[in-house]
Amino acid sequence: MTGLLAVITVSHYLAVGAFFFVTGVLCMATKRNALGVLMGIELVLNGANLNFIAFGSKYLRSESLGLDGQLMALFVIILAAAEAAVALAIALSFYNAHSTIDVDQGDELKG
Amino acid sequence: MLLGTFDLHTFLFVLFALTACLFAAGVLFSSNIVRMAFHLVLSLGSSAGLFFLAGAEFVGAMQLMIYVGGTLVLLVFGVMLTAQHRFLEMRTNAGEWVLSLVVGGALLMVLLQAAFSVSQWNTPNTERSQLAVDESKAATPIGAALAGVRVDKLQQKDAHLRAGMSGYLMPFVIVSMHLLVVLVGAAYLARPRMAVRNPKGGG
């Protein structure tokens, strides 16, 4: 690897995807705001999308997933939109019922 | 000499990857929820640039339109609806930070090691320079695949294999129904609770 003179490969995309995944997981683990947890989930899904695109790109690999990678990424984007809508509705419902958005306060179902 | 080997693709990749990673770290490390939302918008926007660089221009455009333009606007509305003064800044304990950074750093090391250790992944594609830019128009094949026809797999000789490469019509229908059901469910979940609180009308 010689910095700006290296040719980009699938591994570079996987590295960026891994960084997104780790930041997303840490966001989910450390944020106390429920919407912050939601943002962590979006980061994780975007990391997965980067991997799908990298494995599907014919510029990066000669035998790639082809169009399947792009189609899976599209489905991930659509499902992320659905997931965000439901999670936001749950968060707003929780906020209306408890007047707080702190996930540490949401321990009523604690066993 | 230096300009001769300078690769614009590499330069743009490093640019977009650095912005995406920096703002993703910004989402993680800022404690203000409004700043987190702004950093998330910039991070996902620069990852759309990475999609364009990999030749997935349709997915990149969808990323910008659905993700950044739709989902994150929804998130920002959620932030605005719940952003009372005491919820704007919610700090995490230092102990939890240390623990999560140790665990996250270890996980990142493992993943990076795995990403760069497979030789099929870290060798550059030698046929890259022979691929014409014109070949990367993906919108029409994606639309045909969602309608059930894989126009990109027509050269598959084996008829048995070709049958297995059917399009994505069924998942497309399922995901459409899923979106409809989910949006109705979300509207039901987030409805105002006034009528439920006093069912007898007795205050």
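Below, chain A is the first sequence line, B the second, and so on; all start at residue 1.
Only the backbone of B/Ser30 comes within less than 4.5 Å of a heavy atom of chain A; no side-chain atom from C-beta onward does. Contacts between B/Ile33 and chain A at a heavy-atom distance below 4.5 Å involve backbone atoms as well as side-chain atoms. Looking at A/Leu88, only its side chain comes within 4.5 Å of chain B, counting heavy atoms on both sides. With a threshold of 4.5 angstrom between heavy atoms, A/Ala84 approaches chain B through its backbone and through its side chain. Looking at B/Ser43, both its backbone and its side chain come within 4.5 Å of chain A, counting heavy atoms on both sides. No part of A/Asn51 comes within reach of chain B, as not one of its non-hydrogen atoms sits under 4.5 angstrom from that chain. Interface remark: A/Ala85 contributes backbone and side-chain atoms alike to the contact with chain B (heavy atom separation under 4.5 Å). With a 4.5 Å cut-off on non-hydrogen atoms, B/Leu50 touches chain A through its backbone and its side chain both. Using a 4.5 Å cut-off between heavy atoms, A/Ala80 contacts chain B through both its backbone and its side chain. For B/Ala37, the parts lying near chain A are the backbone and the side chain together; criterion is any non-hydrogen pair under 4.5 Å. A/Leu71 touches chain B through its side chain: at least one heavy atom from C-beta onward sits under 4.5 Å away, while N, CA, C and O do not. Contacts between B/Leu53 and chain A at a heavy-atom distance below 4.5 Å involve backbone atoms as well as side-chain atoms.
Every residue was checked against the side-chain hydrogen bond (donor to acceptor under 3.5 Å, both in side chains) condition with A/Gln70, not counting sequence neighbours, and none meets it. Remark: A/Asn49 engages no residue in a side-chain hydrogen bond (donor to acceptor under 3.5 Å, both in side chains) (not counting sequence neighbours).
Interface remark: of the candidates B/Phe77, B/Phe58, B/Tyr168, B/Trp97, B/Tyr168 forms the most heavy-atom pairs closer than 4.5 Å to chain A. When each of B/Pro171, B/Gly105, B/Gly70 is checked for heavy-atom pairs under 4.5 Å with chain A, B/Pro171 comes out on top. Contact tally against chain A (heavy-atom pairs below 4.5 Å) for B/Leu112, B/Thr92, B/Leu146, B/Thr82: the top residue is B/Thr82. Considering only heavy-atom pairs separated by less than 4.5 Å from chain A, the leading option among B/Gly78, B/Ala114, B/Cys21 is B/Cys21. Of the listed residues (A/Leu92, A/Leu79, A/Thr100, A/Ile90), the one with the most heavy-atom contacts under 4.5 Å to chain B is A/Thr100. For chain A, the option among B/Ala20, B/Ala54, B/Ser117 with the highest count of heavy-atom pairs below 4.5 Å is B/Ala54. Ranking B/Ala17, B/Gly60, B/Ser47, B/Ser31 against chain A, the residue ahead of the rest is B/Ser47, based on heavy-atom pairs under 4.5 Å. Among the candidates A/Ser11, A/Ala89, A/Ala87, A/Ala15, the residue making the largest number of heavy-atom pairs closer than 4.5 Å to chain B is A/Ser11. Among the candidates A/Asn33, A/Val86, A/Val25, A/Val16, the residue making the largest number of heavy-atom pairs closer than 4.5 Å to chain B is A/Asn33.
Using a 4.5 Å cut-off on side-chain heavy atoms (C-beta onward), B/Trp121 and A/Leu60 make no contact. At least one side-chain heavy atom of A/Asn46 sits under 4.5 Å from a side-chain heavy atom of B/Gln63. A 4.5 Å side-chain heavy-atom check between B/Phe51 and A/Leu50 finds at least one atom pair inside the cut-off. By the 4.5 Å heavy-atom criterion applied to side chains, B/Phe116 and A/Leu14 are not counted as neighbours.
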**OP:** Step by step, work out the side-chain contact (heavy atoms from CB on, under 4.5 Å) result for B/Thr123 and A/Arg61.
**Re:** CA-CA 8 Å; B/Thr123 47; A/Arg61 283 177 88 197; over 6 Å; no
**OP:** List the steps, then state whether side-chain contact (heavy atoms from CB on, under 4.5 Å) holds for B/Gln84 with A/Tyr95.
**Re:** CA-CA 11 Å; B/Gln84 286 183 1; A/Tyr95 179 73; 2.8 Å; yes
**OP:** Take A/Val22 and B/Leu111, measure what side-chain contact (heavy atoms from CB on, under 4.5 Å) needs, and give me the verdict at the end.
**Re:** CA-CA 9 Å; A/Val22 170; B/Leu111 288 176; 4.1 Å; yes
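Between the OG1 atom in B/Thr71 and the CD1 atom in A/Ile77 there is a gap of 8.5 Å [rounded to 0.5 Å]. Atom CD of residue A/Glu42 and atom CG of residue B/Leu75 lie 5.5 Å apart, to the nearest 0.5 angstrom. Rounding to the nearest 0.5 angstrom, the gap separating the CG atom in B/Leu22 from the CZ atom in A/Phe19 is 7.5 Å. In this structure, CG on A/Leu26 lies 12.0 Å from CD on B/Glu96, to the nearest 0.5 angstrom. Note that the CG atom of A/Leu43 and the CG atom of B/Leu44 stand 6.5 Å from one another [nearest 0.5 Å]. Within the model, atoms OG of A/Ser93 and OH of B/Tyr188 stand 10.0 Å from one another, a figure rounded to the nearest 0.5 Å.
With a 6.0 Å radius and a threshold of 12 heavy atoms from other residues, nucleotides or ligands, B/Met80 has its CE atom above the threshold. Counting heavy atoms of neighbouring residues, nucleotides and ligands inside a 6.0 Å radius, atom CD of B/Gln120 does not exceed 12 of them. Within a 6.0 Å radius of CZ in A/Phe75, other residues, nucleotides and ligands contribute more than 12 heavy atoms.
Residue A/Met39 forms a side chain to side chain contact (heavy atoms under 4.5 Å, CB included) with just one option from B/Leu28, B/Leu72, B/Val79, and that option is B/Val79.
Contacts between residues 178-185 of chain B and chain A, counted as heavy-atom pairs separated by less than 4.5 Å, involve B/His178, B/Leu179, B/Val182, B/Leu183.
Annotation: salt bridge (Lys or Arg N to Asp or Glu O under 4.0 Å) contacts involving residues 26-35 of chain A, sequence neighbours excluded, comprise A/Arg32-A/Asp102, A/Arg32-A/Asp104.
Centroid-to-centroid, the aromatic rings of A/Tyr13 and B/Phe13 come within less than 6.0 Å. Aromatic ring centres of A/Tyr59 and B/His9 lie farther apart than the 6.0 Å criterion allows.
Annotation for A/Leu67 and B/Ala145: closest pair CD2-CB, 4.5 Å, computed over non-hydrogen atoms.
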